[in-house]
Amino acid sequence: MGDREAPESLRLVQELVNTLDIESGTDGLASPADLARFADHHGLARYRLGPADLAELRELREALRAACTAHTGTAVPPEAAASLERLLSAAPLALRLDSRGAAVLRPAPGLTGLPTLTAQLAARIATAAGEGTWQRLKACEAHDCRWVYYDRSPAGRSRWCSMAVCGSRAKMRTYRARRGQGPPGGS
């Protein structure tokens, strides 16, 4: 889904959340080895993420998925909001001015492990919010999908990661419900 890939500022957020494929049940952060592969693939070795960070990283992933779901018009569930509050509070940012005098958010000095990655994600989200792109990072409305995609539609009202797959399924379910027919197979 190249056309649904987030801009560079949000790509790490998107790829972190999409480490869990809900439809297939495949979790790219199921083990310490998976975490090491994710960190290597994304150039995060300097953050020194370890096995002790894995559970909170998965918690962060799901809280970010909830935030992306909220971009389709729902509220962030209280437990996800509490997770975000707790994890982001442990990941302070520092404002720096680069050589051109531009403001740049960076993880505060001295952070290690998950707080460093969380601060990096927070800086990217803050930058994207300022650019007006954060709200376009959405989680598919299909309950059996929830894949995070970037909404490039002109009006920014896309609801599914793929109109051809998830959108079509949702429309068929709605059509059947209106006609009083359940889905095939009783599910």
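Only heavy atoms go into these numbers, but all of them, side chains included; no hydrogens, no water, no symmetry mates.
With salt bridges taken as basic N to acidic carboxylate O contacts below 4.0 Å, none links R146 and D21. Note on D34 versus R37: salt bridge recorded, some NZ/NE/NH1/NH2 to OD/OE distance being below 4.0 Å. Classification of E131 and R136 as a salt-bridged pair fails, no side-chain N sitting under 4.0 Å from a carboxylate O.
Using a 4.5 Å cut-off between side-chain heavy atoms of Ile, Leu, Val, Met, Phe, Trp and Tyr, with links allowed through other members, V148 and Y150 fall into the same hydrophobic cluster. If you chain together hydrophobic residues whose side chains sit under 4.5 Å apart, L29 and L121 fall into the same group. F38 and L20 fall into different hydrophobic clusters, where Ile, Leu, Val, Met, Phe, Trp and Tyr are joined by side-chain heavy atoms under 4.5 Å apart, directly or via other members.
Remark: the backbone N or O of W147 is not paired with any side-chain donor or acceptor of N18 at under 3.5 angstrom. E23 places no side-chain N or O within 3.5 Å of a backbone atom of D144 that could act as its donor or acceptor partner. The main-chain N or O of L111 is found under 3.5 Å from a side-chain atom of T116 such that the two form a donor-acceptor pair. The main-chain N or O of L12 is never found under 3.5 Å from a side-chain atom of H42 such that the two would form a donor-acceptor pair. Counting only distance, with no hydrogens or angles, the side chain of T118 and the backbone of L88 share no donor-acceptor pair below 3.5 Å. Using modelled atom types, one side-chain atom of R46 and one backbone atom of G43 make a donor-acceptor pair closer than 3.5 Å. A distance-only check finds no donor-acceptor pair linking the side chain of R61 to the backbone of L16 [under 3.5 Å]. The backbone N or O of Y149 sits nowhere less than 3.5 Å from a side-chain atom of E5 that would complete a donor-acceptor pair.
Counting only heavy atoms from C-beta outward, the side chains of E56 and L87 approach each other to under 4.5 Å. R58 has its side chain within reach of D27: a pair of non-hydrogen atoms, C-beta onward, lies under 4.5 Å apart. No side-chain heavy atom of L57 sits less than 4.5 Å from a side-chain heavy atom of T19. The closest side-chain heavy-atom distance from Q120 to L44 is not below 4.5 Å. E62 has its side chain out of reach of L64: every pair of non-hydrogen atoms, C-beta onward, lies at least 4.5 Å apart. Within the 4.5 Å cutoff, the side chain of I125 has no heavy atoms near those of the L137 side chain. The shortest side-chain heavy-atom distance between S83 and L60 does not fall under the 4.5 Å cut-off. Taking the side chain as every heavy atom from C-beta outward, D53 and Y47 never approach each other to under 4.5 Å.
Across S9 and A128, no two heavy atoms sit closer than the pair OG-CB, 4.1 Å. Nearest heavy atoms, L97 versus G101: CD2-O, 3.8 Å. Residue G50 comes nearest to L35 through the heavy atom pair O-CD2, 3.3 Å, listed as atom of the first residue, atom of the second, then distance. The shortest heavy-atom contact between K138 and H71 is CE-O, 3.6 Å. L84 and A67 get closest at one heavy-atom pair: CD1-CB, 4.3 Å. A70 and A75 get closest at one heavy-atom pair: CB-C, 4.3 Å.
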Pair W134-C68, side-chain contact (heavy atoms from CB on, under 4.5 Å): steps then yes or no: CA-CA 9 Å; W134 167 237; C68 291; 4.3 Å; yes

Run the numbers on I22 and R65 for side-chain contact (heavy atoms from CB on, under 4.5 Å), then give the verdict. CA-CA 11 Å; I22 292 171; R65 184 186 317 277; 4.0 Å; yes

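Within 6.0 Å of atom CD in E85, 12 or fewer heavy atoms from other residues, nucleotides or ligands are found, so the atom counts as exposed in its surroundings. Within 6.0 Å of atom CZ in R86, more than 12 heavy atoms from other residues, nucleotides or ligands are found, so the atom counts as buried in its surroundings.
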